[in-house]
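Structure, as structure tokens:
For the numbers below, each heavy atom of this structure counts, side chains included, while hydrogens, waters and symmetry mates do not.
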Amino acid sequence: KKISDVLQKSAPKPGVPADLQNLLTQHFGENRSVIELEELQLSDSCFLPANDLTHSFSSYLKEICPKWAKLRRSHKEKKSVVMLVLCSSALRSLELIKSMTAFKGDCRVLKLFAKHIKIKEQMNMLEKGVFHIGVGTPGRVKALVEQDALCLNSTKYMVLDWNWRDQKLRRMVDIPEV
């Protein structure tokens, strides 16, 4: 069976915390001890409600983060963001940035992907300014964190673009590199 045939017959369903837990267990299960795997277990209280596919991205962010204006005003740290949104591609990142205009207000959004933006430029931007939202791909975010250009200590929200499928009908978690 092709994945496109299966998807046409089934309605899309929102992601749940168990999906992420299963993915972590599959990925780390073979080369981690039982104790290390136990440390990877996240309680349900670590997760906000998933988008039930009735919300636009902007309205979903308003629902999960009702005190955004206060968080945005109090954030003064450089090299960090309050909200990190991870997408499967640069094009999807741009699409989400455009669709969150009603939510973000006057905050600064940083594009964290490799398409036409050099990593040095992003490192310089993070050092010089204060950004509230970072939207990007897992590969670029990982590279910035490894080079200590992006600090996740003040990150309050991490949003995974879990259900969106690209033209090959792959979700972010279906891509082996992720």
Side-chain angles (χ1 to χ4, degrees), residues 15 17 20 23-24 27-28 32 36 39-40 42-43 45-51 55-164 166 170-178:
L20 183 60
L23 187 71
L24 288 171
H27 183 73
F28 293 113
R32 297 284 197 271
E36 289 173 322
E39 289 176 357
L40 286 175
L42 299 170
S43 68
S45 64
C46 294
F47 295 92
L48 296 166
N51 188 347
H55 289 284
S56 68
F57 187 58
S58 210
S59 68
Y60 171 68
L61 292 178
K62 283 180 182 177
E63 182 180 304
I64 65 166
C65 187
K67 297 181 180 170
W68 175 248
K70 182 180 177 185
L71 280 171
R72 182 186 69 222
R73 280 192 301 273
S74 65
H75 180 67
K76 303 284 186 230
E77 289 182 47
K78 294 181 180 179
K79 292 181 141 187
S80 68
V81 292
V82 178
M83 181 179 291
L84 184 61
V85 181
L86 294 177
C87 309
S88 59
S89 70
L91 293 173
R92 177 64 175 165
S93 299
L94 289 171
E95 188 179 310
L96 287 181
I97 290 170
K98 288 176 187 171
S99 70
M100 69 169 57
T101 52
F103 169 76
K104 66 184 178 185
D106 64 348
C107 72
R108 295 185 68 195
V109 178
L110 182 62
K111 299 172 187 172
L112 300 173
F113 49 80
K115 198 170 210 85
H116 307 297
I117 305 172
K118 304 241 183 301
I119 195 165
K120 289 287 185 197
E121 289 176 40
Q122 289 171 335
M123 291 169 73
N124 290 337
M125 289 171 71
L126 280 163
E127 285 178 21
K128 291 179 183 172
V130 175
F131 290 91
H132 304 94
I133 301 174
V135 182
T137 56
R140 180 51 61 100
V141 170
K142 178 184 176 203
L144 289 167
V145 169
E146 285 175 346
Q147 295 182 20
D148 292 327
L150 178 63
C151 177
L152 299 177
N153 292 339
S154 63
T155 302
K156 303 281 186 234
Y157 296 94
M158 181 181 291
V159 179
L160 303 176
D161 188 24
W162 192 266
N163 294 316
W164 183 79
D166 63 9
R170 297 180 303 179
R171 295 177 304 163
M172 178 172 59
V173 296
D174 298 330
I175 301 169
E177 297 82 32
V178 172

(request) Name all residues meeting the side-chain hydrogen bond (donor to acceptor under 3.5 Å, both in side chains) criterion together with Thr155; count only those two or more places apart in sequence or in a different chain, and write none if there are none. (result) none
(request) Enter the distance from Lys79:NZ to Asn153:CG here, rounded to the nearest 0.5 Å. (result) 11.5 Å
(message) A side-chain contact here means heavy atoms from C-beta on lying under 4.5 Å apart; do Trp164 and Leu96 qualify?
(response) no
(request) Mind checking the CE-CH2 spacing from Met172 to Trp162? Nearest 0.5 Å is all I need. (result) 6.5 Å
Identify all side-chain donor-acceptor contacts of residues 82-94 below 3.5 Å with residues at least two apart in sequence or on another chain.
unit_1: Ser89; atom_1: OG; unit_2: Arg92; atom_2: N; d: 3.2
unit_1: Arg92; atom_1: NE; unit_2: Asp161; atom_2: OD2; d: 2.6
unit_1: Arg92; atom_1: NH1; unit_2: Glu95; atom_2: OE2; d: 2.6
unit_1: Arg92; atom_1: NH2; unit_2: Asp161; atom_2: OD1; d: 3.2
unit_1: Ser93; atom_1: OG; unit_2: Ser89; atom_2: O; d: 3.0

(message) With a 3.5 Å distance limit and no angle check, can you tell me whether Gln122 reaches the backbone of Lys111 through a side-chain donor-acceptor pair?
(response) yes
(request) List in chain and number order the residues that pass side chain to side chain contact (heavy atoms under 4.5 Å, CB included) with Glu39, two or more places apart in sequence or in another chain; answer none if no residue qualifies. (result) Ile35
(message) Applying side chain to side chain contact (heavy atoms under 4.5 Å, CB included), can you list everything that pairs with Gln147, at least two apart in sequence or on another chain?
(response) Ile119, Met123
(request) Rounded to the nearest 0.5 Å, what's the gap from CG on Leu126 to CG on Asp148? Could you check? (result) 12.0 Å
(request) Provide the full list of ring-ring contact (aromatic ring centres under 6.0 Å, His included) pairs with a residue in residues 113-141, sequence neighbours left out, each pair given once. (result) His75-His132
(message) Quick check: do Met100 and Ile133 have side-chain heavy atoms less than 4.5 Å from each other?
(response) yes
(request) Answer whether the closest heavy-atom distance between the side chains of Leu112 and Val135 falls below 4.5 Å. (result) no
(request) Sequence neighbours left out, what pairs pass salt bridge (charged side-chain N to carboxylate O under 4.0 Å, His left out) with at least one residue falling in residues 128-142? (result) Lys142-Glu146
(request) Taking all heavy atoms of Pro49 and all of Tyr60, pick out the closest pair and write down the distance. (result) O-OH, 2.8 Å
(message) If the condition is side chain to side chain contact (heavy atoms under 4.5 Å, CB included), which residues does Glu121 pass it with, not counting sequence neighbours?
(response) Ile117, Lys118
(request) Provide the closest heavy-atom pair for Leu40 versus Phe28 in the form atom of the first, atom of the second, distance. (result) CD1-CD1, 3.6 Å
Output a table of donor-acceptor pairs, distance under 3.5 Å, between side-chain atoms of residues 66-74 and any protein atom two or more places apart or on a different chain; print 'none' if there are none.
unit_1: Arg72; atom_1: NE; unit_2: Asp106; atom_2: OD1; d: 2.9
unit_1: Arg72; atom_1: NH2; unit_2: Asp106; atom_2: OD1; d: 3.2
unit_1: Ser74; atom_1: OG; unit_2: Lys70; atom_2: O; d: 3.2
unit_1: Ser74; atom_1: OG; unit_2: Leu71; atom_2: O; d: 3.2

(request) With sequence neighbours left out, write down each residue that passes side chain to side chain contact (heavy atoms under 4.5 Å, CB included) with Lys78, or none if nothing qualifies. (result) Val130
(message) A side-chain contact here means heavy atoms from C-beta on lying under 4.5 Å apart; do Tyr157 and Val81 qualify?
(response) no
(message) Looking only at side-chain N and O atoms, does Ser58 offer a donor or acceptor that is under 3.5 Å from a partner on Ser56?
(response) no
(request) Would you please name every residue forming a side-chain hydrogen bond (donor to acceptor under 3.5 Å, both in side chains) with Thr101, sequence neighbours left out? (result) none
(message) Among residues at least two apart in sequence or on other chains, which ones pass side-chain hydrogen bond (donor to acceptor under 3.5 Å, both in side chains) with Ser154?
(response) Ser80
(request) Check side-chain hydrogen bond (donor to acceptor under 3.5 Å, both in side chains) between Glu77 and all other residues, then give those that pass, not counting sequence neighbours. (result) none
